[in-house]
Trainee: 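First, the structure itself, so that you have it in front of you.
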Amino acid sequence: MDAYSSAYPAGRHYHGAGRSPLSLVLSVAAALMVLLAAVTSAVVRSEGVTGTVNAPFAGTGPVGAMTAVGAGAEDGSIARIISRVSGFRVGVAVADTAGGPVRTFGDTAAYPAASTAKLITAAAYLKLVEAGEVRLDETLRNFTAAFQLKSMINSSNNDSWLLLMDRLGYQRLIQYAASIGIAYDPEDNRLTPGEVAQVLTKLYAGRLLNPINTAQLLGYMQETNNEELIPAASGPGITVYHKYGQLGGNLHDAALLEHGGTTYALVIFTEGADSTDEAERTEMIHDLTRAVVGTLFPAG
């Protein structure tokens with residue numbers, strides 16, 4: 001049984017007339033831009049994926065990598081994988097940590113965030129440490145805040161989450177989330193895959209915390225107590241930082257995939273009636289991970 005109340009879902013864990021020659025040139029250019037946008041839009045919409053697919057972004061990896069994500073019609077594409085789903089919701093978000101829009105696929109509305117929301121609590125607490133408002137060496141129920149923070153992220157400890165949120169105060173947590181562009185209420189604990197991808201990209205890019213705290217938090221997101229979702233299918237040579245979430249019918253993973261000097265965020269959320277189809281959803285998360293990794297980090 002969760003140590004956390006149902007108001008704060010966490011899961012089974014350890015405890016986004018005449019024109020001059022110049023005007024004619026500009027008009028022609030504008031018309032060409034509109035035509036290009038229409039063609040691009042038609043190509044994107046041909047994916048047949050529900051949800052929102054944002055404007056293509058080449059990113060910093062292989063040329064056109066982000067543009068290619070989800071564009072295939074083959075059986076192993078994101079669209080085909082999601083189309084085979086029945087009985088539960090699936091939302092996917094992919095983003096380049098160097099910038100550009102988040103690309104989203106499937107059902108991209110808000111989900112019970114489960115323990116993926118612990119990333120916001122961790123970043124908020126460390127931000128207040130940097131501001132001198134709280135300390136990592138202060139005691140929170142017999143252990144330091146530093147211990148509780150690591151336990152919350154690396155072991156997904158729900159008691160640690162509750163202690164850190166109580167120390168922060170819900171209003172301060174809500175305000176912090178808003179300051180980084182996320183509408184988050186800890187009592188509701190709902191987020192979209194795209195919002196979690198934004199948190200991950202900002203964290204990795206050093207836009208949330210100083211370099212020391214960024215590295216520390218990323219370190220906690222490795223070798224966690226559950227490496228069976230995105231990490232298990234990411235393949236050799238790829239460094240994975242992630243935070244999973246598991247509660248009842250919710251099974252999520254939110255990861256940063258680092259390889260060859262490029263890093264992308266991949267977030268996969270699923271929600272069903274219960275956990276009886278957990279094995280099926282785990283395999284689908286593996287299939288989606290392989291599809292995204294194969295596009296972003298092509299072999300050779």
Side-chain angles (χ1 to χ4, degrees), residues 16 59-61 93-102 113 115-141 143-157 160-184 186 191 194-224 230-231 238-245 253-267:
T60 56
V94 186
D96 190 327
T97 59
V102 176
S115 286
T116 61
K118 291 174 180 175
L119 291 171
I120 295 178
T121 300
Y125 193 90
L126 288 171
K127 192 65 177 179
L128 289 181
V129 169
E130 294 175 10
E133 296 184 36
V134 297
R135 303 192 323 274
L136 285 172
D137 62 355
E138 63 182 271
T139 300
L140 299 178
R141 192 182 292 174
F143 294 95
T144 65
F147 175 91
Q148 301 291 7
L149 195 150
K150 179 179 180 179
S151 182
M152 175 182 69
I153 296 297
N154 191 257
S155 300
S156 209
N157 189 305
S160 297
W161 191 15
L162 180 58
L163 289 168
L164 288 164
M165 288 207 300
D166 282 348
R167 179 66 180 91
L168 288 168
Y170 293 155
Q171 192 57 42
R172 205 154 44 169
L173 187 53
I174 291 170
Q175 290 170 351
Y176 173 76
S179 75
I180 63 172
I182 306 298
Y184 175 67
L191 292 165
E195 287 173 329
V196 178
Q198 289 179 55
V199 173
L200 289 172
T201 56
K202 290 176 180 179
L203 171 63
Y204 191 86
R207 295 167 58 192
L208 300 185
L209 303 167
N210 67 33
I212 293 175
N213 286 329
T214 296
Q216 187 71 80
L217 183 49
L218 289 173
Y220 294 159
M221 295 165 65
Q222 291 186 290
E223 298 179 4
T224 72
I230 289 177
I238 295 178
T239 300
V240 181
Y241 311 93
H242 77 116
K243 183 70 199 81
Y244 73 96
D253 208 357
L256 287 158
L257 307 175
E258 181 184 76
H259 177 68
T262 61
T263 305
Y264 298 92
L266 169 61
V267 179

Trainee: Just to verify, what does Thr214 make a side-chain contact (heavy atoms from CB on, under 4.5 Å) with, not counting sequence neighbours?
Mentor: Leu203, Leu209, Leu218
Trainee: Would you compute the distance between atom CG of Leu200 and atom CG of Leu256 and round it to the nearest 0.5 angstrom?
Mentor: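 Interatomic distance, Leu200 CG to Leu256 CG, rounded to 0.5 Å: 4.5 Å.
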Trainee: Is there a side-chain contact between Val196 and Ile182 in this structure, where contact means two heavy atoms from C-beta onward sitting under 4.5 Å apart?
Mentor: no
Trainee: Would you give the length of the straight line joining atom CD of Glu130 to atom CD1 of Ile212, rounded to the nearest 0.5 angstrom?
Mentor: 9.0 Å
Trainee: Can a donor-acceptor pair be found, under 3.5 Å and without considering hydrogens, that links the side chain of Lys202 to the backbone of Ile180?
Mentor: yes
Trainee: Starting at CG of Leu128, measure out to CG of Leu164 and round the result to the nearest 0.5 Å.
Mentor: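 Going from the CG atom of Leu128 to the CG atom of Leu164 covers 11.0 Å.
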Trainee: Side-chain contact test, heavy atoms from C-beta onward, threshold under 4.5 Å: evaluate it for Met221 versus Ile153 and give yes or no.
Mentor: yes
Trainee: Quick one: side-chain contact (heavy atoms from CB on, under 4.5 Å) partners of Gln216, sequence neighbours excluded?
Mentor: Tyr220
Trainee: For the pair Tyr184 (side chain) and Gln175 (backbone), establish whether a donor and an acceptor sit closer than 3.5 Å, ignoring hydrogens and angles.
Mentor: no
Trainee: Compare every heavy atom of Ile174 with every heavy atom of Pro186, then report the nearest pair and how far apart it is.
Mentor: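 Shortest heavy-atom separation between Pro186 and Ile174 comes out as CD-CG1, 3.4 Å.
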Trainee: Return the minimal non-hydrogen interatomic distance between Ala123 and Leu217, and the atom names on each side.
Mentor: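 Where Ala123 meets Leu217 most closely, the heavy atoms are N-CD2, 4.4 Å.
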Trainee: In Å and rounded to the nearest 0.5 Å, what is the OH to CD distance from Tyr241 to Glu258?
Mentor: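 Going from OH on Tyr241 over to CD on Glu258, the span is 4.0 Å.
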Trainee: With no hydrogens and no angle check, is any side-chain donor or acceptor of Ser155 less than 3.5 Å from a backbone partner on Met152?
Mentor: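 No: the side chain of Ser155 does not pair with the backbone of Met152.
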Trainee: Give a yes-or-no answer on whether the side chains of Lys243 and Thr224 include a donor-acceptor pair shorter than 3.5 Å.
Mentor: no
Trainee: So does Ser156 get a backbone contact from the side chain of Lys118, meaning a donor-acceptor N/O pair under 3.5 Å?
Mentor: yes
Trainee: State the OG1-CD1 distance between Thr262 and Ile238, to the nearest 0.5 angstrom.
Mentor: 9.0 Å
Trainee: Counting N and O atoms only, with roles assigned by atom type, does the side chain of Thr263 sit under 3.5 Å from a partner on the main chain of Thr97, one being a donor and the other an acceptor?
Mentor: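 Side chain of Thr263 to backbone of Thr97: no pair is present.
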Trainee: Kindly give the heavy-atom pair with the smallest separation between Thr116 and Gly245, and that separation in Å.
Mentor: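 Looking at all heavy atoms of both residues, the closest pair is CG2-N, 4.0 Å.
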Trainee: Sequence neighbours excluded and cut-off under 3.5 Å, please list the side-chain donor-acceptor pairs for residues 143-150, or say none.
Mentor:
residue: Thr144; atom: OG1; partner: Phe147; partner atom: N; Å: 3.1
residue: Gln148; atom: OE1; partner: Ser160; partner atom: OG; Å: 2.6
residue: Gln148; atom: NE2; partner: Leu140; partner atom: O; Å: 2.8

Trainee: Measuring from Arg167:CZ to Arg135:CZ, what's the distance to the nearest 0.5 Å?
Mentor: 8.5 Å
Trainee: Using side-chain contact (heavy atoms from CB on, under 4.5 Å), reason through Val267 and Ile230 one step at a time and then give a plain yes or no.
Mentor: CA-CA 9 Å; Val267 179; Ile230 289 177; over 6 Å; no
Trainee: Less than 4.5 Å apart, side chain to side chain, heavy atoms only: is that true for Val240 and Leu257?
Mentor: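 Yes, at least one pair of side-chain atoms sits under 4.5 Å.
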Trainee: For the pair Asn157 (side chain) and Ser151 (backbone), establish whether a donor and an acceptor sit closer than 3.5 Å, ignoring hydrogens and angles.
Mentor: no
Trainee: Report yes if the side chains of Pro231 and Asp253 come closer than 4.5 Å at any heavy-atom pair, otherwise no.
Mentor: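 Yes; the side chains approach each other to less than 4.5 Å.
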Trainee: Any side-chain heavy atom of Thr201 sitting closer than 4.5 Å to one from Val102?
Mentor: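 Counting from C-beta outward, Thr201 and Val102 never come under 4.5 Å.
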